[in-house]
Amino acid sequence: MILATLLPWLIGAFAVSLLLTAWRLLRGPDLPDRILALDTLYINACALLVLVGIRFGTPVFFEAALLIGMLGFVGTVVMSKFILRGDIVE
């Protein structure tokens, strides 16, 4: 009962968070801020997909959240390595 009432509010809050993070990604003052915004965007997208999966009761959303989480981690590591060394492959 409480979950059915609270879930649309949580989905809306994470949707607004995605919009604000996308704004920071586009308007970030420098590259590390944009990488941090992209990492936060991945985390918020995973949370939103999990909430939508709970709402609709289908496991497809959980698998998509797992895939986005793994790609987001690898992307953050690659971009951080690029900032530190200027090259991705050693």
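When a residue number appears, it is its place in the shown sequence, counting from 1. Everything numeric in this text was worked out from a predicted model, so none of it was measured.
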Over all atoms of both residues, closest heavy-atom pair of A4 and P8 = O-CD, 3.3 Å

Result block: side-chain N/O donor-acceptor pairs under 3.5 angstrom for residues 12-19, not counting sequence neighbours:
unit_1, atom_1, unit_2, atom_2, d
S17, OG, N44, ND2, 2.8

ask   = Does one hydrophobic cluster hold both L41 and I11, with members joined at side-chain heavy-atom distances below 4.5 Å?
value = yes

query = Distance from L6 atom CG to L51 atom CG, nearest 0.5 Å?
reply = 9.0 Å

task = Output, in order, the C-alpha distance, side-chain angles, deciding distance and verdict of side-chain contact (heavy atoms from CB on, under 4.5 Å) for V50 and F61.
result = CA-CA 6 Å; V50 167; F61 291 106; over 6 Å; no

ask   = Can you list every pair that meets side chain to side chain donor-acceptor pair (under 3.5 Å) and has a residue in residues 23-38, with sequence neighbours left out?
value = none

inquiry  = If I take atom OH from residue Y42 and atom OG1 from residue T21, how far apart are they, to the nearest 0.5 angstrom?
reply    = 13.0 Å

message = Ignoring hydrogens, what is the shortest heavy-atom contact between C46 and I68? Give both atom names and the distance.
response = SG-CG2, 3.8 Å

Where at least one partner belongs to residues 53-80, residue pairs that pass side chain to side chain donor-acceptor pair (under 3.5 Å), sequence neighbours excluded = D39-T76

key: Hphob cluster co-occupancy, V74 + I43, side-chain heavy atoms under 4.5 angstrom   = no

ask   = Do F62 and L49 have side chains that get closer than 4.5 Å, going by heavy atoms?
value = no

remark   = CD1 of I35 to OG1 of T40, rounded to nearest 0.5 Å, is 11.5 Å

ask   = If Ile, Leu, Val, Met, Phe, Trp and Tyr residues are connected whenever their side-chain heavy atoms lie under 4.5 Å apart, and connections chain through other members, are V77 and L66 in the same group?
value = no

query = Any chain of hydrophobic side-chain contacts (each under 4.5 Å) joining L48 to F56?
reply = yes

message = Quick one, L3 and I54 - any side-chain contact, counting heavy atoms below 4.5 Å?
response = yes

